[in-house]
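This report refers to the structure that appears directly beneath it.
If you read the sequence from its start, that first residue is 1, and numbering goes on from there. As a basis for the values below, the full set of heavy atoms in this structure was taken, side chains included, without hydrogen atoms, waters or symmetry mates.
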Amino acid sequence: QVQLKESGGGLVHAGGSLRLSCAASGSTSVINDMGWYRQAPGKQREPVATITRRGETNYADSVKGRFTISRDYAKSMVFLQMTNLKHEDTAVYYCNAQKQLPNLVDWDFWGQGTQVTVSS
């Protein structure tokens, strides 16, 4: 079992920066990919940035060039450095971790979410 806990959210003015942190605990050795997702009011949860076990990253077009995902394998943590924040970035941000089950099906773990509010 894996538990995830996000921190670092808050209120920031447009153009500002925030750094989100996600701490994984439990059976962290089973984790493959990790990432950050967000859900704005009235919208579906969407991927923001992902990072594989090899360190390969992928970003949503809307955050490309502004957000950076990183991973500390030794500490079982993943981070999201957000710069030049826009009002549209306002959402609850969730940490995600995936493991692959013996039948090759991916299983998702989720944190409780942390609120990011960007004032315009």
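- Summarising the geometry, atom NE2 belonging to H13 is positioned 12.0 Å from atom CG belonging to L85; distances are rounded to the nearest 0.5 Å.
- Partners of Q1 according to the side chain to side chain contact (heavy atoms under 4.5 Å, CB included) rule, which considers only residues two or more places apart in sequence or in another chain, are Q3, F109.
- Each of I69, T50, T68 was checked for a side chain to side chain contact (heavy atoms under 4.5 Å, CB included) with T57, and the lone residue meeting it is I69.
- Pairs of residues two or more places apart, or lying in two chains, that qualify as salt bridge (Lys or Arg N to Asp or Glu O under 4.0 Å) and include a residue from residues 18-47 are R38-E46, R38-D89.
- Partners of V92 under the side chain to side chain contact (heavy atoms under 4.5 Å, CB included) rule, at least two apart in sequence or in another chain, are Y94, Q115.
- By the ring-ring contact (aromatic ring centres under 6.0 Å, His included) test, Y37 pairs with W110, sequence neighbours left out.
- Here the straight-line distance linking atom CG of N32 with atom CD of Q98 works out to 8.0 Å at 0.5 Å rounding.
- The side chain to side chain contact (heavy atoms under 4.5 Å, CB included) test applied to L101 returns K99, N103, W107, not counting sequence neighbours.
- Of all non-hydrogen atoms in P47 and A60, the two that sit nearest each other are O-CB, 3.5 Å.
- For H87 (side chain) and V118 (main-chain N/O), a donor-acceptor pair under 3.5 Å exists by modelled atom type.
- We find the CG-CH2 distance between L20 and W36 to be 4.5 Å, quoted to the nearest 0.5 Å.
- Listed here is the closest heavy atom pair of A24 and V2: CB-CG1, 4.5 Å.
- Under the side chain to side chain contact (heavy atoms under 4.5 Å, CB included) criterion, D61 pairs with K64, sequence neighbours left out.
- Side-chain contacts under 4.5 Å among hydrophobic residues (ILVMFWY), followed directly or transitively, place F79 together with M77.
- Legend: ring-ring contact (aromatic ring centres under 6.0 Å, His included) pairs involving residues 48-72, not counting sequence neighbours: none detected.
- In this structure, L4 and M34 have side chains that are in contact, with non-hydrogen atoms separated by less than 4.5 Å.
- Counting only residues at least two apart or in different chains, salt bridge (Lys or Arg N to Asp or Glu O under 4.0 Å) contacts with residues 49-58 are absent.
- Here the closest non-hydrogen pair linking A40 and A91 is N-CB, 3.8 Å.
- For the side chain to side chain donor-acceptor pair (under 3.5 Å) condition, the pairs that include at least one residue of residues 73-86, sequence neighbours left out, are T28-S76.
- For Q112, the side-chain hydrogen bond (donor to acceptor under 3.5 Å, both in side chains) test picks out E6, with sequence neighbours left out.
- If you chain together ILVMFWY residues whose side-chain heavy atoms come under 4.5 Å of each other, L11 ends up in a group of its own.
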